[in-house]
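Lettering of chains follows the sequences in order, A, B, ..., and the numbering in each one begins at 1. Just so it is clear, the model here is predicted, and its values are computed rather than measured.
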Amino acid sequence: MMIELKNIEKININDFQHDLISWFKAEQRDLPWRKDRDPYKVWVSEIMLQQTRVDTVIPYFNRFIDWFPTIDDLAEAEEDKVLKAWEGLGYYSRVRNLQSAVREVKEKYNGEVPNTPEVISTLKGVGPYTAGAILSIAYGIPEPAVDGNVMRVFSRILNIWEDIAKPSSRKVFEHAVREMISHEDPSAFNQALMELGALVCTPTSPSCLLCPVREHCQAFEEGVQAELPIKTKKNKTRDVQLAAVLLTDEEGRILIHKRPSDGLLANLWEFPNVEIQHPLHHEREKISELFEQELQIHLKLEKIIGQLEHVFSHLVWNIKIYNGELQSNIPEGSDWKLVTLDEIKDYAFPVPYQKMFKIYLEYSNRPDPNAAKA
DNA sequence: CATACGTGGGC
DNA sequence: TGCCCAAGTAT
């Protein structure tokens, strides 16, 4: 902490704020969530932007605000429709937490997004970053909003060699932001830091020659900007083998299942599937048995119509895709449904099952003898 | 504190 | 092809 304080003292904070904010006001991108400061829209955008690129978020944000323009609209919406609005964005608990928090705001806070760190931080899905972002952007409150961009930018500006992958590092950067933040325009200051990280002070090969705060940058002065930030991390993924089946009944309707309300892809829809513990056990009979034991459905498997791999951040799914006929009644419970090809588009499926459905459609339209191989 | 939690894009 | 992400949070 002493080192950072020392480097902060090397910077003329007023000049830094001015150079940063002037650049932001001139160069900021025209983004849909920057049209106004409606705390709800700021909130939605910040949740969507977690671990997600701006270009990906834009169309989702526009549709989401179109479907749920206000806190009331989101609070009153069916969760299935909310998940449909999020379909394909990933990290689906974000939107379930968002709806839960919005309902709490409606009920406990008279529909007003809280404007203090203490209260807003109690809302589901609102962590230290999001709290600071909403407070500063929507309410002009000088709170730090430390995300990956801010840690990268400040690592370089202040020549900080703290490992930004460590959770404990965030407080170092929060401290630095508290020392540096503009109290005149905290919103522009925080957004400028993130915008700079996105456009100029990028992870690899930062564009220092275009940087509005280059003259304040300790790492640039030392010529070490390319070495920073320090970020350790090794993601090891686990492999999971699945057999999934597209089952139709005698009327051609398709059997779908709603996933459990916690864990991976919670509350999204899927096609019936089982995990294959031993990769070689893909005999028809064994697969059928597993479906009966684990899902209580009788079926006639036809053939493997395809195969796909889907990579998550922490695991890899290898899915063998079968088609087949449902030979028992649809299981009891609202988590099973038989739907037509037209109805299926109202249900939210995670990407691996969208891929699976696409493979099925291609298979049905034009049977391909080679598809049976795999 | 480490791990679970998605996805599509860049090199 | 494979690895690293990108405006994090919950547990």
Side-chain angles (χ1 to χ4, degrees), chain A residues 24 28-29 31-34 42-61 83 86-98 100-101 120-134 136-137 144-154 163-171 173-174 177 187 189-199 201-205 229 231-240 259-268 270 308-317 348-355:
Chain A
F24 176 68
Q28 64 170 301
R29 290 166 291 180
L31 301 173
W33 46 90
R34 289 180 173 163
V42 172
W43 186 3
V44 170
S45 72
E46 291 304 337
I47 299 298
M48 283 190 174
L49 286 162
Q50 289 170 6
Q51 302 292 283
T52 310
R53 288 182 163 76
V54 164
D55 289 343
T56 303
V57 166
I58 290 172
Y60 281 91
F61 177 83
L83 283 171
W86 211 265
E87 182 185 52
L89 245 196
Y91 288 141
Y92 300 95
S93 68
R94 287 184 293 174
V95 76
R96 295 193 306 121
N97 286 336
L98 174 62
S100 163
I120 201 171
S121 298
T122 67
L123 297 173
K124 282 186 190 130
V126 178
Y129 163 73
T130 305
I134 297 172
S136 61
I137 298 171
V146 175
D147 68 345
N149 283 313
V150 173
M151 289 196 283
R152 180 173 62 256
V153 170
F154 267 67
D163 180 2
I164 68 170
K166 291 173 55 181
S168 59
S169 296
R170 202 194 68 247
K171 65 179 184 296
F173 294 92
E174 282 182 345
V177 172
S187 168
F189 183 88
N190 280 343
Q191 292 188 76
L193 246 23
M194 294 187 273
E195 196 80 342
L196 189 69
L199 300 181
C201 196
T202 48
T204 57
S205 59
K231 185 175 188 180
T232 64
K233 192 161 268 186
K234 45 263 175 185
N235 287 2
K236 42 178 176 289
T237 60
R238 176 172 63 91
D239 271 48
V240 175
R259 294 175 60 87
S261 59
D262 53 15
L264 184 66
L265 306 170
N267 282 3
L268 273 75
E270 65 186 356
L308 67 85
E309 177 185 274
H310 186 79
V311 180
F312 297 88
S313 32
H314 59 305
L315 52 85
V316 180
W317 276 1
F349 288 84
V351 168
Y353 293 110
Q354 293 175 29
K355 292 181 187 168

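Residue contacts shown for A:Arg152 are limited to sugar-phosphate atoms, with no base heavy atom under 4.0 Å away. The residue A:Val54 sits close to a base: some heavy atom pair falls under 4.0 Å. In this structure, A:Arg259 reaches neither bases nor backbone, as no heavy-atom distance under 4.0 Å exists between it and the strands shown. At the heavy-atom level, A:Ser45 lies nowhere under 4.0 Å from the strands shown. At the heavy-atom level, A:Ser168 lies under 4.0 Å from the strands shown only through sugar-phosphate atoms.
Judged by closest nucleotide on DNA chain C, A:Trp33 is the one of A:Lys124 and A:Trp33 placed further toward the 5' end.
Atom P of B:dG6 sits at a distance of 14 Å from the matching atom of C:dT11, rounded to the whole Å. Separating the P atom of B:dT3 from that of C:dC4 is a span of 16 Å, rounded to the nearest Å. Separation of the C1' atoms belonging to B:dC1 and C:dA10 is 13 Å when rounded to the nearest angstrom.
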Please write out each protein N/O paired with an N/O of nucleotides 1-3 of chain C under 3.5 Å, distance rounded to 0.1 Å.
none

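Residue A:Arg238 places its CZ atom among 12 or fewer non-hydrogen atoms of other residues, nucleotides or ligands, all under 6.0 Å distant. Other residues, nucleotides and ligands contribute at most 12 non-hydrogen atoms within 6.0 Å of the NZ atom of A:Lys124.
A donor atom on one side chain and an acceptor atom on the other are found under 3.5 Å apart for A:Tyr129 and A:Glu46.
A:Arg152 and A:Thr202 make their closest contact through NE-C, 3.6 Å (heavy atoms, listed as atom of the first residue, atom of the second, distance). Across every non-hydrogen atom of A:Pro144 and A:Glu174, the tightest pair is CG-O, 3.9 Å. In terms of heavy-atom proximity, A:Ala101 sits nearest to A:Trp43 at CB-CZ2, 3.5 Å. The minimum heavy-atom distance linking A:Val42 with A:Ile134 is given by the pair CG1-CA, 4.1 Å.
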Notebook entry, point to check: Where along nucleotides 5-11 of chain B does protein come under 4.0 Å, by heavy atom, of base (B) or sugar-phosphate alone (S), with - for untouched nucleotides?
Noted result: BBBB---
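Computed from coordinates, the A:Glu174 CD to C:dG8 C1' distance equals 12 Å when rounded to whole Å. Rounding to whole angstrom units, CZ of residue A:Arg170 and P of C:dA10 are separated by 11 Å. Distance, A:Lys166 NZ to B:dA2 P: 8 Å, rounded to whole Å. One interatomic measurement links the two molecules: CD of A:Glu46 to P of C:dA6, which rounds to 17 Å at whole-angstrom precision.
Considering CE of A:Met151 and CZ of A:Arg170, their distance stands at 8.0 Å, rounded to 0.5 Å.
Taking the ring centroids of A:Tyr60 and A:Trp86, they lie at or beyond the 6.0 Å cut-off.
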